[in-house]
Amino acid sequence: MDFTLSKEQLLIRNTARDFAEKYIEPLVRRIEDENDVPRQIIDRMAELELFGIQFAEEWGGSDGGYDGYVLAMEQIARVSSGVSMILSVNGLGLGAICTYGTKEQKEKYMEPGLTGELLASFAFTEPGTGSDPRQITTMAIREGDSYVINGTKRFISNANFHGPIVVFARESESDEVTAFIVDKFCAGYSISEAWDKIGLKGNRIVDVYLKNVRIPAENMLGKVGRGFNILLSGIAYGKIGISSTYLGITLRAYEEAVKYAMEKKHRGQSIAKFQAMQLRVGELAIKLEAARWLTYRLGCLANNVKDPMTFAREAALTKSFVCENAVDVTRVAVDIHGSYGVMSDYKVQSLYRDAIIGPQIEGVGDMQKMIVAGTILRE
Amino acid sequence: MNIIVAMKQVPDLHHIRIRNREPVLDDIPMVLGDIDKSALAAAVELKETTQGRVIIMSAGNRKIRDTVKEALAAGGDEAILIEDDDLADEDSSVIAGVLAAAIQRIGDVGIVVFGEGSADNYSGRVFSAVAAILGYPQVGYAKRIELNDSLARVTRSLEDSDEIIEVPLPAVISVVSEIKEPRIPSVKNILKARKKPTAVYHLNELCVEVPAEKNITTISNLAPVSRRKGIVITSVDELAKILKNDRKPDRQAQ
């Protein structure tokens with residue numbers, strides 16, 4: 001067992017950190033205010049090949065593994081979780097295409113998706129269902145060599161960018177949940193205004209309206225009725241991105257809290273001299289390391305674990321812990337800042353807003369615990 | 001034309017802690033200094049205009065093989081390393097002799113580029129000594145370099161002026177950080193770095209004699225003590241008075 005990062009892993013981490021500090025940090029306020037990520041950030045991420053770390057070179061990726069992906073995402077989220085969520089969701093959509101797609105589908109979408117030319121989305125949730133595939137109402141009706149899709153998808157990331165969207169719909173002939181690839185902004189595709197969520201600014205989520213969207217039958221992803229498996233696998237791997245994002249939020253909250261504790265003076269001395277602050281800083285350090293190594297471990301497991309159920313369990317427990325932990329850490333970091341912690345001039349308030357979203361998205365916290373318990377109590 | 005970039009492995013300054021006024025260097029990751037990275041970025045740009053080849057040269061302990069990957073990821077084509085666990089403690093005249101011996105083994109040398117000073121000791125002496133040993137012309141503090149087949153046109157950044165000079169090739173040039181911002185390596189280049197050619201020499205292969213007695217002995221390396229004055233000011237008039245008195249000697253000194 002070796003917890004030492006290799007030189008390559010350190011360099012990937014440094015590339016992401018240098019990029020984030022140099023290119024994202026100066027624009028963070030704008031991202032927060034406009035809830036939008038400027039195009040130049042996406043282009044620069046593509047130049048540095050940050051979109052394709054975890055994908056194989058065969059499909060235009062860098063072959064850096066999920067371990068490299070986790071390290072880069074942590075550093076990007078440390079500066080802007082909105083930017084890292086764009087990367088995460090792109091990886092989620094492309095990951096499904098790369099794993100389940102035909103050669104033609106991969107050739108069409110992987111390379112443009114890894115160069116930032118297209119950005120992928122993943123659309124399962126609907127107004128009437130969050131986690132239960134049996135409640136899906138979006139329909140894909142077979143008409144000769146085409147499918148015609150109708151339905152509404154809720155809280156969809158990257159839906160405002162051109163690129164593929166993996167849509168889960170009920171296939172008409174089998175009545176089974178099936179995945180399809182739709183090109184965003186094709187005829188019949190439209191989106192709502194962005195939901196005004198309290199954090200993760202820059203990561204726009206919208207509702208997607210599919211009205212008589214006609215796609216060729218070969219745009220089916222995987223086989224008829226296999227949508228649920230693609231969904232489970234996709235969201236399991238998607239949890240690597242969200243766990244890394246919340247690790248980055250945790251890291252930044254820790255850094256901001258330590259900096260403030262060292263700088264802030266009370267009666268002539270640094271508040272870091274007070275035991276109450278020392279206990280809080282100690283707690284943050286412990287929680288940061290726990291989240292960090294659980295997330296790094298998930299990245300390594302993603303490279304190596306073959307059984308989808310085993311990986312789903314590890315992903316669920318990591319996502320559950322890291323996201324709930326981020327809420328605790330950012331809350332304590334706000335405490336250390338006192339009144340200043342809730343002022344918009346201080347980074348820690350936006351981290352807290354980002355953090356409380358985590359347990360509610362990409363599988364709510366209780367659902368993660370049920371997945372974990374399910375693997376233990378199955379017998 | 002080969003463009004050689006001499007780079008020094010130094011402890012990552014972001015990780016160094018000071019304990020009892022002394023730097024704690026145990027378990028500190030080794031990196032390349034920022035000015036060295038600027039020198040590399042300038043060399044990579046020159047390579048693109050001259051169709052040359054960028055060779056990274058570095059001397060240091062066994063960690064150097066790992067550290068140099070950073071330079072290979074950021075645009076170096078190959079690396080030549082002189083590896084010896086004792087080299088890190090040697091003074092600049094010894095290091096210059098070692099580097100010069102290695103450079104003499106490379107054909108078609110155009111320029112040898114150094115950062116103006118290393119990130120740790122910042123003596124800035126090695127480049128001059130290398131030029132002297134090799135008999136190459138030397139130019140210090142370059143902020144711009146243009147190359148043709150036989151000449152380097154160099155803009156030197158002086159305190160209150162720029163000086164443009166030409167030197168015949170091969171030449172040794174030290175650069176200031178403003179010459180070029182260090183490159184952020186892309187992920188693919190990081191992963192490809194390990195496959196780039198890296199030659200490792202040991203001192204006996206270069207026929208360089210390292211003196212048994214060190215020329216320079218470091219007696220202590222202590223962080224300066226900084227104490228705040230801790231003046232409590234109770235009125236604007238008092239502040240103005242203190243600032244006025246405090247600043248007067250500085251102005252006179254200028």
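Here is the naming used below: chain letters follow the sequence lines, and residue numbers restart at 1 for every chain.
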Within a reach of under 6.0 Å around [atom1] of [X], are more than 12 heavy atoms found that belong to other residues, nucleotides or ligands?
{"X": "Glu146(B)", "atom1": "CD", "answer": "yes"}
{"X": "Lys180(B)", "atom1": "NZ", "answer": "no"}
{"X": "Arg292(A)", "atom1": "CZ", "answer": "yes"}
{"X": "Gln275(A)", "atom1": "CD", "answer": "no"}
{"X": "Tyr340(A)", "atom1": "OH", "answer": "no"}
{"X": "Lys103(A)", "atom1": "NZ", "answer": "no"}
{"X": "Tyr141(B)", "atom1": "OH", "answer": "no"}
{"X": "Lys22(A)", "atom1": "NZ", "answer": "yes"}

*Interface residues of residues 37-61 of chain A facing chain B - heavy atom cut-off under 4.5 Å*: Glu47(A), Leu48(A), Glu49(A), Leu50(A), Ile53(A), Glu57(A), Gly60(A), Gly61(A)
*If you check every heavy atom in residues 63-82 of chain A against those of chain B, which residues fall under 4.5 Å?*
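So far as heavy atoms go, Asp63(A), Gly64(A) are the residues that approach chain B to under 4.5 Å.
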*asked:* Rounded to the nearest 0.5 Å, what separates atom OG1 in Thr15(A) from atom CZ in Arg183(B)?
replied: 12.5 Å
*Can you tell me how far CG of Leu10(A) sits from CG of Asp12(B), rounded to the nearest 0.5 angstrom?*
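Atom-to-atom, Asp12(B):CG and Leu10(A):CG are 9.5 Å apart.
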*Using non-hydrogen atoms and a limit below 4.5 Å, what part of residues 39-68 of chain B faces chain A?*
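Interface residues of residues 39-68 of chain B: Asp66(B), Thr67(B).
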_Proximal to chain A - members of residues 17-36 of chain B, heavy-atom separation under 4.5 Å_ =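 So far as heavy atoms go, Met30(B) are the residues that approach chain A to under 4.5 Å.
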*Quick one: closest heavy-atom pair of Leu191(B) and Ile12(A), and the distance?*
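Closest approach of Leu191(B) to Ile12(A): CD2-CD1, 4.3 Å.
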